Protein chains: 4
Amino acid sequence: MTKEEVLKEYRVREILEAARRVIGKFGFEGTTIDRVADEARIAKGTIYLYFPNGKDELLHSAVVEGLRDLTAELRRSDDPSQTPIARLASMVRAMFTIQRNHQDFFKALILDSRFVAFEPGDARETELRNVYIEALECVADLLRVAIADRAIRPIEPQLAAVTLFEMMTAPLRRSLLGLAGAPTDADAEAVMELFLYGVRDARPSGNGNA
Amino acid sequence: MTKEEVLKEYRVREILEAARRVIGKFGFEGTTIDRVADEARIAKGTIYLYFPNGKDELLHSAVVEGLRDLTAELRRSDDPSQTPIARLASMVRAMFTIQRNHQDFFKALILDSRFVAFEPGDARETELRNVYIEALECVADLLRVAIADRAIRPIEPQLAAVTLFEMMTAPLRRSLLGLAGAPTDADAEAVMELFLYGVRDARPSGNGNA
Amino acid sequence: MTKEEVLKEYRVREILEAARRVIGKFGFEGTTIDRVADEARIAKGTIYLYFPNGKDELLHSAVVEGLRDLTAELRRSDDPSQTPIARLASMVRAMFTIQRNHQDFFKALILDSRFVAFEPGDARETELRNVYIEALECVADLLRVAIADRAIRPIEPQLAAVTLFEMMTAPLRRSLLGLAGAPTDADAEAVMELFLYGVRDARPSGNGNA
Amino acid sequence: MTKEEVLKEYRVREILEAARRVIGKFGFEGTTIDRVADEARIAKGTIYLYFPNGKDELLHSAVVEGLRDLTAELRRSDDPSQTPIARLASMVRAMFTIQRNHQDFFKALILDSRFVAFEPGDARETELRNVYIEALECVADLLRVAIADRAIRPIEPQLAAVTLFEMMTAPLRRSLLGLAGAPTDADAEAVMELFLYGVRDARPSGNGNA
DNA sequence: GATGAATGAGCGTTCATTCAT
DNA sequence: AATGAATGAACGCTCATTCAT
């Protein structure tokens with residue numbers, strides 16, 4: 001990689017980080033090129049050197065990078081020597097940690113983003129899809145292992161993974177509604193337990209109607 | 001109710017429906033007063049006769065009405081003579097039906113909305129919260145009954161309700177990612193089963209590691 | 001005059017009075033048809049029955065009527081049996097009284113009005129001119145008498161009349177600038193004295209340089 | 001001063017001059033951002049670079065600048081080595097000159113401005129007041145000197161100054177009413193004489209009734 | 001005649017984008 | 001490469017005017 005490329009990558013990263021902070025502070029709708037430039041301490045025009053396609057591209061990249069970080073973190077937190085269930089629990093905890101660390105950005109990402117809002121066929125839609133799927137597959141792969149291991153039922157792994165992702169937003173949503181404080185580790189455990197066992201009462205004396 | 005009030009309510013409804021269609025087509029960010037007026041086949045200024053506080057109020061009302069419709073539908077679908085579990089299943093199916101009927105709007109609502117984006121203390125934030133909570137409580141109440149009935153475990157009903165709400169977006173999200181077709185009744189069943197039983201393998205020979 | 005005409009004149013008067021109150025409260029720029037209609041307790045559309053040419057015509061008429069009232073008041077206050085100087089003093093006092101009675105309206109009229117803002121040739125410009133001149137001539141005629149009477153110098157009566165009119169706004173302007181309280185009778189006397197004697201020191205020991 | 005500051009000041013001046021021309025042509029109510037931008041041959045948005053607070057700020061600045069120019073001109077025209085009366089006469093002549101040079105603008109300023117139209121407490125109201133008072137004080141100070149010098153009577157200098165200001169608008173008003181041509185030097189002399197001596201006939205044979 | 005709901009031109013303002021320096 | 005002044009399309013909103021009832 002040439003010196004120029006290194007510099008370029010550094011600049012791109014700086015801009016994207018600034019964009020994430022701005023998104024966190026002002027939401028997607030409140031994110032303007034001016035604010036990102038200010039946050040990155042560069043001139044507005046400079047952004048167009050690194051993101052020639054403008055704002056859409058920049059926001060897209062910021063979201064993609066956020067999801068990639070998420071994926072990377074999920075992978076880093078994984079310890080294949082553990083049982084599948086323990087690994088799943090680790091992943092859930094890891095996602096909660098990331099949510100907490102980049103809280104404002106993920107809050108915006110979850111509540112405010114148009115996730116898949118590009119024109120059908122737009123290359124960016126594909127990329128966004130792929131990076132989301134990649135995060136998903138971390139979990140789905142683990143589910144496949146767990147299924148093979150008979151640790152969990154033979155359900156559709158991808159649907160279960162999406163479901164788990166959505167479940168993890170529940171404590172955040174509840175917090176935003178003022179129904180609870182910020183998500184805690186206890187919430188991570190609660191979500192994990194719901195995901196594993198559901199709500200059904202398994203006690204022998206349980207009411208067996210369905 | 002006087003004739004004027006009837007007419008006014010009719011107009012308000014027409015505008016809100018137009019707004020919902022526009023939100024569905026263009027997302028929240030792409031929703032402009034011009035587009036709503038065009039969609040409602042009225043002049044731009046007319047909107048301000050019925051929504052004097054402008055766009056924010058209009059979007060807020062559209063979202064609130066959407067959630068109210070949801071709540072109403074949940075209540076209508078409920079048959080208290082059934083077992084709690086059967087009633088829960090009905091609710092899940094009802095929500096899927098609504099999602100299907102107003103698919104684009106709910107897609108925007110779920111993926112794009114700033115749900116709680118008003119200034120803290122804004123009366124609208126409170127209303128939005130309340131109407132969301134009302135929908136939530138339909139489910140939470142049912143969960144309380146089910147718990148009393150020992151049909152489900154003594155979990156925190158409100159968290160479980162939020163979680164169920166989030167879970168129900170999973171098939172929609174999956175569909176939007178191109179990983180599956182539009183949500184079906186089968187998806188409703190799958191979500192219901194996950195919610196009830198979780199993913200854990202309950203077979204006697206199951207691998208019990210945790 | 002037919003019954004219809006009487007009614008019409010009554011309505012016109014009501015609307016004009018409402019307009020004057022609104023102008024007083026909100027200034028010319030803040031005067032809208034809606035506000036005038038509200039103030040007159042009639043429907044917006046009704047105004048167009050009596051002022052088919054719309055807002056410009058209405059404001060024009062309100063100003064004209066205000067000036068006519070002023071003229072009428074000046075005439076009513078005049079007592080031809082007095083000396084010209086006493087009659088002038090009465091007129092100045094009368095103008096201050098009117099200013100006080102319709103303070104807000106005249107404040108707007110003096111400070112805010114486009115007095116002669118119509119297209120050249122517009123019939124309304126002519127009318128406005130004429131009604132203003134009519135008020136002016138009340139004073140100018142008196143000045144002519146005074147000149148004939150050798151009570152005042154043989155100056156150009158019309159210019160002197162305009163000047164007196166402008167001088168009378170000085171206490172109001174001073175008040176609006178916060179440099180003094182609302183115009184008082186003492187201000188009327190001071191203006192009158194300045195108009196009669198100027199500022200020059202007439203004392204024998206006075207410094208005679210010019 | 002850096003090059004940027006010079007350029008900025010130049011632009012601000014250009015915009016303000018354009019604004020003054022537009023105000024002169026269309027009056028305050030007819031002054032739109034579009035027209036000012038057109039007149040200044042810049043894009044509408046550019047105005048907001050130099051007047052971030054928008055139209056109110058722009059109009060305010062235009063008026064303030066106009067009054068400052070007036071004050072500066074009054075000071076420039078003053079020659080302290082002359083007698084107070086001669087200095088007063090110079091000031092009156094100077095004001096007429098300025099009126100002539102920026103005729104349309106001052107016409108609007110005099111006839112159309114809401115001079116003190118901001119919310120009470122608004123910093124701009126204070127500034128406007130102050131700049132007006134500053135112009136006033138040029139004259140009031142001179143009047144104080146003249147009083148000390150016994151050239152004029154011991155009248156209230158500030159009221160006399162406001163009165164003189166108002167008197168100077170008389171020829172302009174007369175002209176606008178079509179009662180005379182544009183103000184001339186002769187009008188300046190006439191105003192000056194009225195201000196000094198009033199209208200009273202001082203001839204020995206004069207009619208002394210009051 | 002009286003109404004007021006409906007209209008849409010026109011306003012002030014924002015902000016993504018361009019380009020001369 | 002980096003800048004930020006300049007641009008102008010597009011937005012939310014107001015309000016004088018019209019017209020069906």
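In what follows, every heavy atom counts, from backbone to side chain, and hydrogens, waters and symmetry copies are set aside. By convention in this document, chain letters (A, B, ...) are assigned in the order of the sequence lines, proteins followed by strands, and residues within each chain are numbered from 1. Computed from a predicted structure; not experimentally measured.
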Residue whose closest nucleotide on DNA chain E lies nearer the 5' end, C:Ala43 versus A:Asn53 = C:Ala43
Check ion pair C:Asp34-C:Lys44 (N to O, under 4.0 angstrom) = yes
Hey, does the side-chain of B:Lys44 have a donor or acceptor N/O within less than 3.5 Å of a partner on the base of E:dG10?
-> yes
Identify which nucleotide among E:dT14, F:dT3, F:dG8 has an atom closest to any side-chain atom of D:Tyr48, counting heavy atoms from C-beta outward.
-> E:dT14
With a non-hydrogen cut-off below 4.0 angstrom, is D:Gly45 in contact with a base, only sugar-phosphate, or nothing?
-> base
Among F:dA6, E:dT13, E:dA6, the nucleotide that comes nearest once only the side chain of D:Tyr50 is considered = F:dA6
Round to a whole Å and report the spacing from CG of C:Asp34 to C1' of E:dT3.
-> 13 Å
Is there side-chain contact between D:Tyr50 and D:Leu16, with at least one heavy-atom pair below 4.5 Å?
-> no
NZ/NE/NH1/NH2 to OD/OE distance under 4.0 Å, B:Glu65 and B:Arg13 = yes
Paired with E:dC19: which nucleotide, if any, by Watson-Crick or G-U wobble criteria at under 3.5 Å for both distances?
-> F:dG4
Separation of atom CZ in B:Phe51 from atom C1' in F:dT14, rounded to whole Å | 18 Å
For A:Arg11 and F:dA1, is the shortest distance between a side-chain N/O and OP1 or OP2 below 4.0 Å?
-> no
Separation of D:Phe28 atom CZ from E:dC11 atom P, in whole Å?
-> 17 Å
Considering just the side-chain nitrogens and oxygens of C:Lys55, establish if one lies under 4.0 Å of OP1 or OP2 belonging to F:dA16.
-> yes
Using a heavy-atom cut-off of under 4.0 Å over every strand shown, decide if D:Ile42 touches base, sugar-phosphate, or nothing.
-> sugar-phosphate
To the nearest Å, how far apart are A:Glu29 CD and E:dT14 P?
-> 15 Å
Starting from P on E:dA6, measure out to CD1 on B:Ile15 and report it in whole angstrom.
-> 8 Å
Testing F:dG12, E:dA6, E:dT17 for proximity to the side chain of B:Ile33, the answer is F:dG12
How long is the line joining CZ of A:Arg41 and C1' of F:dT3, in whole Å?
-> 17 Å
Please state how far atom CG in B:Leu49 lies from atom P in F:dC13, giving the value in whole angstrom units.
-> 14 Å
Taking only side-chain nitrogens and oxygens of C:Thr46, does any of them come within less than 4.0 Å of OP1 or OP2 of E:dT3?
-> yes
5'-most by nearest nucleotide on DNA chain F - B:Gly54 or D:Ile47 = D:Ile47
What is the distance, rounded to the nearest whole Å, between atom CZ of B:Arg35 and atom C1' of F:dC11?
-> 11 Å
Decide, yes or no, whether a salt bridge links D:Arg20 with D:Glu17 under the criterion of side-chain N to carboxylate O below 4.0 Å.
-> no
Below 4.5 Å, heavy atoms only, C-beta onward: do C:Val63 and C:Leu59 meet side chain to side chain?
-> no
